[in-house]
Amino acid sequence: MKRPRNTKEWILRKFYVGLTIDEERFRDLVTKSSRCKIALIYPNSYSVAIANLGYNRVFEIFTNSGIYVERFVVEKEHLPIFSIDEGRRLDEFRIWAFSVHFELDLLNVATLLRVYNIPLRPEERSGYHPLLICGGALTYFMGKALTGIFDAVYCGDFEVGAEQFIATLKERERKEEILDGLSEVPGISTFGRNARALPVIFYGEDMFAESMFVSKKGAFGRRFLLEVGRGCKRRCKFCVAGHTMGKARFMDVNEVKRRLSRVKNRTRSVGLISATITDHPQLEELMKYLDEEEFDVSVSSMRLDGLTHRLLKVLAKTQKTFTIAPEGGTQKIRNRLGKGITEKHIVEAFKLGHDVGFKNIKLYFIYGVPGEAEEDLKGIVDLVKEARKFFGKVHVSVNPLIPKPGTPFEGTKMMDRKELRERERYLKAGLRSSGVKVDFESVSDAVKQYELCNANRESIVHMLAERSANTIIHM
Ligand code: SF4
């Protein structure tokens, strides 16, 4: 192991290793020994990384295949970085695998490359630079643009091409040889080989992730996360999950039982992750099991038109807040967003949530939709007032529409900042009321996301060179 070079690096090393000490629990014992060593980098904080099932899943696949993996995260003002496992320097590794799930995390990737004096463009890097690989949620709709930065981009579900991918890494030594091999793996775009071809996305069947490690410092604390569904059949027009992540597939309830029975002696706190749990074909049986086994359950997302009494009963046992996403304040906007719900569904959801005992509600809305008028913004205010009749506290999250590639809004121009800020002011004034808390996504961050996700292979490099700061951004 290379030693830190100076006092500052010793301090940083201690900081990164300290993120896991005493707080982190692994699902299984992990054996680490292999000729092939990979730095698995999540370009955001430890708290977010540990709660990301994609990151957990790749770690699981690599370690089960006998690859030596060390995890790296990037914390604000803590550069250069050291692994959180053994405190190794990042530049000890010749393969850097990035798990990138949010557009703004690309700014952190660019910052990291700058810190290590690594050119952003693959064509400006040599055999002495590490091999930079990218996977993660962004690859489902930004695969081609990402080849402007990374040497290889794995587009889609990693499980599908993992075996061939890993065999290539294990069998080959030199960077160029590895890239030659990777260019044969389905779903991979590699610089200088097949980067100009459209990325191919594959969808794994019955391949689901679960927490490999949990920690009190994670975004969901020690909650064990289990992916019970991938993809979504609903196709809301603004949503990449509905349009780019393949057909909806769900974990069979018997498999859920099998997986939870392995961990139930260690934790009863479970987070079910899926695009929308309410579309699970065995939802009632699943909830019955979780209820009888007395799990403390949370879910990542539910359709408000698919709520059931039993689902909410199970959730209300341990949660005070009921979360739904009407998205639009009027039917016109909900239709433009392709949400497929009506005001009746929303009010019925309020009643149901209230009747099963939730005290508070969290509502998600989108504004800045093409054709949106004042009455549509007023519709958001009116729905929040309606919600307040049923719940003690209403938490509202309001986010500008970000037209994303791969969705029906691809090619639509995002509303400009000035207009968005005016609408934000209107909503803030209308929503100011006791018992209502409102969060607005930063307009400037939303515009950055829009520009990054719609960039091409050339423009993304310019954007990252101009906009990445010398500090790390945490969402
Ligand atoms: S239901 Fe949710 S996950 Fe599915 S397409 Fe609509 S917004 Fe996306």
Side-chain angles (χ1 to χ4, degrees), residues 12-30 32 39-64 69-78 81-87 97-102 104-105 108 135-138 158 208-230 256 259-260 262-275 277 290 295-301 315 318-321 323 362 395 397 439 472-475:
L12 286 167
R13 179 181 185 275
K14 191 171 170 202
F15 169 80
Y16 277 106
V17 174
L19 290 172
T20 61
I21 290 176
D22 296 334
E23 302 283 0
E24 194 175 79
R25 303 276 180 274
F26 270 80
R27 187 195 72 188
D28 299 317
L29 280 180
V30 175
K32 293 185 168 190
L40 183 59
I41 306 166
Y42 193 95
N44 208 310
S45 67
Y46 174 76
S47 150
V48 180
I50 200 166
N52 183 288
L53 277 188
Y55 188 63
N56 279 256
R57 179 71 169 144
V58 175
F59 180 86
E60 178 180 12
I61 292 173
F62 279 152
T63 49
N64 285 348
V69 184
E70 294 246 353
R71 296 169 299 155
F72 289 82
V73 297
V74 284
E75 295 283 344
K76 277 184 184 172
E77 289 149 26
H78 288 86
I81 60 174
F82 289 80
S83 90
I84 59 175
D85 294 306
E86 303 288 341
F98 288 86
S99 184
V100 192
H101 300 266
F102 303 100
L104 296 187
D105 286 353
N108 294 340
L138 282 193
F158 186 50
F208 296 101
E210 61 184 58
S211 295
M212 279 295 286
F213 25 77
V214 292
S215 165
K216 264 201 264 180
K217 290 179 186 160
F220 300 111
R222 289 237 172 101
R223 195 173 283 281
F224 176 80
L225 304 179
L226 179 62
E227 183 186 33
V228 293
R230 227 184 253 192
V256 176
R259 295 205 192 195
L260 291 185
R262 277 193 354 246
V263 296
K264 72 181 183 187
N265 291 335
R266 281 184 277 167
T267 181
R268 295 268 160 180
S269 177
V270 174
L272 302 179
I273 308 294
S274 70
I277 188 75
L290 295 165
F295 280 103
D296 151 12
V297 183
S298 74
V299 296
S300 57
S301 165
L315 297 179
T318 49
Q319 293 177 29
K320 284 202 186 99
T321 304
T323 303
K362 183 165 185 186
H395 184 175
S397 173
D439 291 329
I472 292 300
I473 299 166
H474 284 175
M475 293 284 284

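- Side-chain atoms of Arg13 do not come within 3.5 Å of backbone N or O of Phe82 as any donor-acceptor pair.
- Between the side chain of Tyr16 and the main chain of His78, a donor-acceptor pair closer than 3.5 Å is present.
- Nearest heavy atoms, Gln319 versus Val297: NE2-O, 2.8 Å.
- To the nearest 0.5 angstrom, Ser301 atom OG is 9.5 Å from Ile277 atom CD1.
- Under the 4.5 Å side-chain criterion, counting only non-hydrogen atoms from C-beta, Asp296 is in contact with Arg223.
- The shortest distance between side-chain heavy atoms of Phe224 and Leu260 falls below 4.5 Å.
- Inter-residue side-chain proximity for Asn56 and Leu225 is flagged as unmet; no heavy-atom pair is nearer than 4.5 Å.
- Without hydrogens or angle criteria, Glu86 side chain to Glu70 main chain gives no donor-acceptor distance under 3.5 Å.
- Of the possible donor and acceptor atoms, one in the side chain of Asp85 sits under 3.5 Å from a partner among the backbone N and O of Arg71.
- Remark: Phe158 pairs with Phe62, Tyr154, Phe165 by the ring pair (Phe, Tyr, Trp, His ring centres under 6.0 Å) rule, at least two apart or across chains.
- Not a single donor-acceptor pair under 3.5 Å links the side chain of Arg222 to the backbone N or O of Ser215.
- With contacts defined as side-chain heavy-atom distances shorter than 4.5 Å, the pair Ser99/Ile41 does not qualify.
- Annotation for Ala51 and Phe220: closest pair CB-CD1, 3.5 Å, computed over non-hydrogen atoms.
- One N or O on the side chain of Ser300 and one on the backbone of Ser274 form a donor-acceptor pair closer than 3.5 Å.
- Atoms CD1 and CG, from Ile50 and Leu19 in turn, are 9.5 Å apart once rounded to the nearest 0.5 Å.
- Between the NZ atom in Lys76 and the CG atom in Asn108 there is a gap of 9.5 Å [rounded to 0.5 Å].
- For His101, the ring pair (Phe, Tyr, Trp, His ring centres under 6.0 Å) partners are Tyr42, not counting sequence neighbours.
- To the nearest 0.5 Å, the span separating NZ on Lys362 from CG on Asp439 amounts to 6.5 Å.
- At a threshold of 4.5 Å between non-hydrogen side-chain atoms, the residues Lys217 and Ser47 do not count as touching.
- Rounding to the nearest 0.5 angstrom, the gap separating the CG atom in Leu226 from the CD atom in Glu210 is 6.0 Å.
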Verdict with supporting geometry, Val214 and Thr267, side chain to side chain contact (heavy atoms under 4.5 Å, CB included)
CA-CA 10 Å; Val214 292; Thr267 181; over 6 Å; no

Verify side chain to side chain donor-acceptor pair (under 3.5 Å) between Glu24 and Tyr46, making sure each step is shown before the conclusion.
CA-CA 11 Å; Glu24 194 175 79; Tyr46 174 76; 2.6 Å; yes

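- Here the closest heavy-atom approach between residue Arg262 and residue Arg266 is recorded as O-NH2, 4.1 Å.
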Evaluate the side chain to side chain contact (heavy atoms under 4.5 Å, CB included) criterion for residues Val228 and Phe208: first the C-alpha distance (whole Å), next the side-chain angles of each, then the deciding distance (0.1 Å), finally the verdict.
CA-CA 7 Å; Val228 293; Phe208 296 101; over 6 Å; no

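- Counting heavy atoms from C-beta on, the side chains of Asp105 and Phe98 never come closer than 4.5 Å.
- Nearest heavy-atom pair across Leu53 and Ala209 is O-CB, 3.8 Å.
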